There are 2 protein chains.
Amino acid sequence: MAWNTAETRRRLRAAATAEFAAHGPHGTTMDRIARRAGINKERLYSYFGGKDALFATVLGEELAAVAATVPLASLGEQDIGEFAGAVFDHHAANPTLVRLLHWEGLAYSGPVPDESARTGFYLAKVEAFEAARRRGALAGSPDAAHLVFLVLSLAAWWFAVPQVARMLTGADADDPGELAHRRAAVVEAARRLAGPHE
Amino acid sequence: MAWNTAETRRRLRAAATAEFAAHGPHGTTMDRIARRAGINKERLYSYFGGKDALFATVLGEELAAVAATVPLASLGEQDIGEFAGAVFDHHAANPTLVRLLHWEGLAYSGPVPDESARTGFYLAKVEAFEAARRRGALAGSPDAAHLVFLVLSLAAWWFAVPQVARMLTGADADDPGELAHRRAAVVEAARRLAGPHE
DNA sequence: CCCATCTCCAACTGATCCGTTGGAATTAGG
DNA sequence: CCTAATTCCAACGGATCAGTTGGAGATGGG
């Protein structure tokens, strides 16, 4: 069998992503990642460094993925509600990112890896909101940065505390009808939250 | 020194609460809890059972605490915005509960301990929202359960992903001005989200 | 004062975890 | 084909974890 280092790395990354999203930094073991990938553990260390470096790598790739699949254009042309809906859809189809972000927020304190690059990523969204405001599509009161954050919270919260969502709504996210119901609530809430009033 | 089992239990509970909130179920060790409390580890097992049972005990007590300090009356008389503000204030002053709820949502899948009692706790809030709607204080579209959830998300998200909040707003929650700014955004957002329109 | 009972703890067990090492298998260049 | 470099892996070391045990110290009723 010929060497295929790219494939080895890919399988290790995929296994690490799944394990970290499911169990978090503390709950994940390097042994389990290696076993899941069918690769020896030593490869993890030689390719990705230690556990924390591997977690940072995985999170960075997921952030790049969401940036690619929910482009800012979805804000330029459509309204805020549909932007929130697109974020909701991405989370529903791919709950990995939300879980990784939460694990990071809970497990690590202080500055996070690659914070400057990620800050730029968010600031681009803020800039898009500002532009929408100049077009008169947004109210003036919560400033753009706080508004972006609140809209993202509407879309993400469901996947962060699914047990609370289940207790409140009496249904689970596995139910397609309930999922659509939640999405509609998010879209409408984002419109009300951002839309110009009085 | 006379035996004081109540005090021993209280100190163990307090230490467990702090450790679980800081590090989560996986990141917390029974040794650290015992050492922090200055009590032998064996007392933890004889008083509270294993690690998971201890986590469930701690979370249950924090839920009871928030139910006592943010009563439903804050919804009956004031508006939704001030209710959201009160929840925000509770989280800011006592970030323990949000963190515990998140650890639970991430680390445990399937039904959570004491789910029926907690469901009742949330349904009471839904009922209060329904009453507000009958008074004409709420719009009709997102039904009460989903509305409660969204309002809670506005107040809680800041404390769940502080690293994202920092990157977006450029300030930290330690800054009192920024905290007030965030609170104001939450209050206004909740009003817009729930208030009757057109 | 005595003794059954409860509280407490130091030390242990067995398992697991992170990270490393020494060497075998494979590749590519000459 | 030969050799140096690279990829891979089984096995290990030291640390730490959850949970247990045997016994020392404190208590209270008779």
Side-chain angles (χ1 to χ4, degrees), chain A residues 1-60 100 103-104 106-110 112-113, chain B residues 1-60 100 103-104 106-110 112-113:
Chain A
M1 175 180 59
W3 297 130
N4 190 343
T5 74
E7 172 67 9
T8 298
R9 294 175 87 104
R10 194 198 58 77
R11 279 166 64 187
L12 285 174
R13 266 201 307 264
T17 303
E19 288 289 327
F20 276 131
H23 306 109
H26 291 131
T28 297
T29 74
M30 300 294 267
D31 281 279
R32 279 177 60 93
I33 295 174
R35 204 176 325 137
R36 179 181 196 132
I39 308 277
N40 190 273
K41 184 171 56 160
E42 181 266 355
R43 291 289 87 193
L44 273 179
Y45 288 93
S46 76
Y47 284 150
F48 301 101
K51 197 192 205 182
D52 286 357
L54 178 56
F55 183 83
T57 298
V58 162
L59 182 57
L100 288 176
W103 286 120
E104 179 188 51
L106 289 172
Y108 299 111
S109 58
V112 296
Chain B
M1 174 179 58
W3 297 129
N4 191 341
T5 73
E7 171 67 8
T8 298
R9 294 175 87 104
R10 195 199 56 79
R11 280 167 62 188
L12 286 174
R13 266 202 307 265
T17 303
E19 289 289 328
F20 276 131
H23 306 109
H26 291 131
T28 296
T29 75
M30 301 294 267
D31 280 278
R32 279 177 60 95
I33 296 174
R35 203 177 325 138
R36 180 180 194 132
I39 308 278
N40 190 274
K41 184 171 56 162
E42 179 266 354
R43 290 288 87 194
L44 272 178
Y45 287 93
S46 76
Y47 283 150
F48 300 100
K51 196 192 204 181
D52 286 356
L54 179 56
F55 184 82
T57 299
V58 161
L59 183 57
L100 289 176
W103 287 121
E104 180 188 50
L106 288 172
Y108 300 110
S109 58
V112 297

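Just so it is clear, the values below take in all heavy atoms, side chains as well, and ignore hydrogens, waters and symmetry mates. Keep in mind that what you see is a predicted model, and the values were worked out from it rather than measured. Each chain gets a letter, A, B and so on, in the order its sequence line appears, and its residues count up from 1.
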Enquirer: In whole angstrom, what separates A:E7's CD from D:dC8's P?
Expert: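 Rounding to the nearest Å, CD of A:E7 and P of D:dC8 are 11 Å apart.
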Enquirer: How long is the line joining NE2 of A:H23 and C1' of C:dT16, in whole Å?
Expert: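 My rounded result for the distance is 15 Å.
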Enquirer: Would you call A:T5 and A:Y47 a side-chain contact if the rule is heavy atoms closer than 4.5 Å?
Expert: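 When only atoms from C-beta onward are counted, A:Y47 and A:T5 do touch, with a gap below 4.5 Å.
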Enquirer: Could you state the atom-to-atom distance from CZ of A:R43 to P of C:dG19 in whole Å?
Expert: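 My rounded result for the distance is 16 Å.
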Enquirer: Quick one, B:I33 and B:L54 - any side-chain contact, counting heavy atoms below 4.5 Å?
Expert: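 Side-chain contact under 4.5 Å: yes.
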Enquirer: Can you sort out the partners of B:N40 under side-chain hydrogen bond (donor to acceptor under 3.5 Å, both in side chains), two or more places apart, ordered by chain and number?
Expert: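 side-chain hydrogen bond (donor to acceptor under 3.5 Å, both in side chains) list for B:N40, sorted by chain: empty.
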Enquirer: For B:F55 and B:Y108, take the angle between the two ring planes, folded into 0 to 90°, and tell me which bin it lands in: parallel under 30, tilted 30 to 60, perpendicular over 60.
Expert: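 Aromatic pair B:F55/B:Y108 classed tilted.
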Enquirer: Is it true that a side-chain atom of A:T28 and a backbone atom of A:P25 form a donor plus acceptor pair closer than 3.5 Å?
Expert: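 Not at all, since once roles are kept as given, no pair shorter than 3.5 Å links the two residues.
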Enquirer: Mark up nucleotides 15-21 of chain D, 5' to 3', with B wherever a protein heavy atom is under 4.0 angstrom from a base atom, S wherever such an atom reaches only the sugar-phosphate, and - elsewhere.
Expert: --SBBBB
Enquirer: Where the side chain of B:T8 is concerned, which of D:dC9, D:dT7, C:dC8 is the nearest nucleotide?
Expert: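 My answer, after comparing the listed nucleotides, is C:dC8.
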Enquirer: Do you know which two heavy atoms are closest between A:R13 and A:V58, and how far apart they sit?
Expert: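 Heavy-atom minimum between the residues: O-CG2, 4.3 Å.
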Enquirer: Starting at atom CD1 of A:I39, determine the distance to atom P of D:dT6, rounded to an integer number of angstrom.
Expert: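 It works out to 20 Å between those atoms.
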Enquirer: Without decimals, in angstroms, what is the distance between B:L44 CG and C:dT7 C1'?
Expert: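 Rounding to the nearest Å, CG of B:L44 and C1' of C:dT7 are 14 Å apart.
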